[in-house]
Amino acid sequence: MSDTPVKQQSTAAFYGQAVASFAVALAATAIGIFQLEADPWVRAFLGIAVLYLVTSAFTLAKVIRDRQEAGQLVSRVDQARLEKLLAEHDPFEKL
């Protein structure tokens, strides 16, 4: 028997919530930096730091997802090999 795993997909509501949450967090941070009583170069530095943090977070999430998907693929290949060996095995065959 081969049990194929069900592909998990996010709902539209979950996707919308994630996008809205990201937008609110980024906007709040930008407003906070803009309202900060500091020199313009300090605010510019903080803005660049936030942008760098956001791109790093996206990259990290992609790397983790890719590693997880690769592990699932290797697991499926190993499972298929095992199923093939078990299907071809004859326990009553003389050695």
Side-chain angles (χ1 to χ4, degrees):
M1 270 187 226
S2 177
D3 292 329
T4 57
V6 177
K7 185 175 182 181
Q8 297 176 352
Q9 291 184 344
S10 299
T11 63
F14 180 75
Y15 179 78
Q17 185 268 335
V19 170
S21 175
F22 175 76
V24 167
L26 194 59
T29 304
I31 291 169
I33 291 173
F34 181 73
Q35 295 293 328
L36 186 66
E37 293 183 14
D39 292 334
W41 72 269
V42 172
R43 289 188 292 203
F45 175 79
L46 291 174
I48 295 295
V50 167
L51 291 176
Y52 180 63
L53 179 63
V54 168
T55 58
S56 296
F58 277 112
T59 302
L60 178 62
K62 182 187 178 310
V63 167
I64 290 171
R65 183 202 63 203
D66 291 348
R67 182 173 286 186
Q68 180 183 10
E69 287 178 354
Q72 288 175 349
L73 180 62
V74 169
S75 177
R76 286 183 186 171
V77 169
D78 289 344
Q79 183 66 28
R81 286 181 183 160
L82 178 61
E83 287 179 3
K84 182 182 177 198
L85 284 173
L86 289 174
E88 292 175 351
H89 177 68
D90 183 9
F92 301 110
E93 178 182 334
K94 287 190 174 185
L95 297 178

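Throughout, numbering of the chain's residues begins at 1 and tracks the sequence. Values in this document were obtained by computation on a predicted structure and should not be read as measured data.
Residue pairs satisfying the salt bridge (Lys or Arg N to Asp or Glu O under 4.0 Å) criterion with at least one member in residues 20-33, sequence neighbours excluded, are absent. Pairs passing the salt bridge (Lys or Arg N to Asp or Glu O under 4.0 Å) check and including a residue from residues 51-64, sequence neighbours excluded, read Lys62-Asp66.
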Less than 3.5 Å apart, which donor and acceptor atoms pair up between the side chains of residues 28-37 and the rest of the protein, not counting sequence neighbours?
{"residue": "Thr29", "atom": "OG1", "partner": "Ala25", "partner atom": "O", "Å": "2.8"}

Could you pull out every donor-acceptor pair under 3.5 Å between side chains of residues 45-58 and any protein atom, sequence neighbours left out?
{"residue": "Thr55", "atom": "OG1", "partner": "Leu51", "partner atom": "O", "Å": "3.3"}
{"residue": "Thr55", "atom": "OG1", "partner": "Tyr52", "partner atom": "O", "Å": "2.9"}
{"residue": "Ser56", "atom": "OG", "partner": "Tyr52", "partner atom": "O", "Å": "2.9"}

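With side-chain heavy atoms closer than 4.5 Å counting as contact, directly or through intermediates, the hydrophobic cluster containing Val19 also holds Tyr15. Cluster partners of Val63, using a side-chain heavy-atom cutoff of under 4.5 Å among ILVMFWY residues and allowing indirect links: none.
The distance from atom CZ of Arg65 to atom CG of Leu60, rounded to the nearest 0.5 Å, is 12.0 Å.
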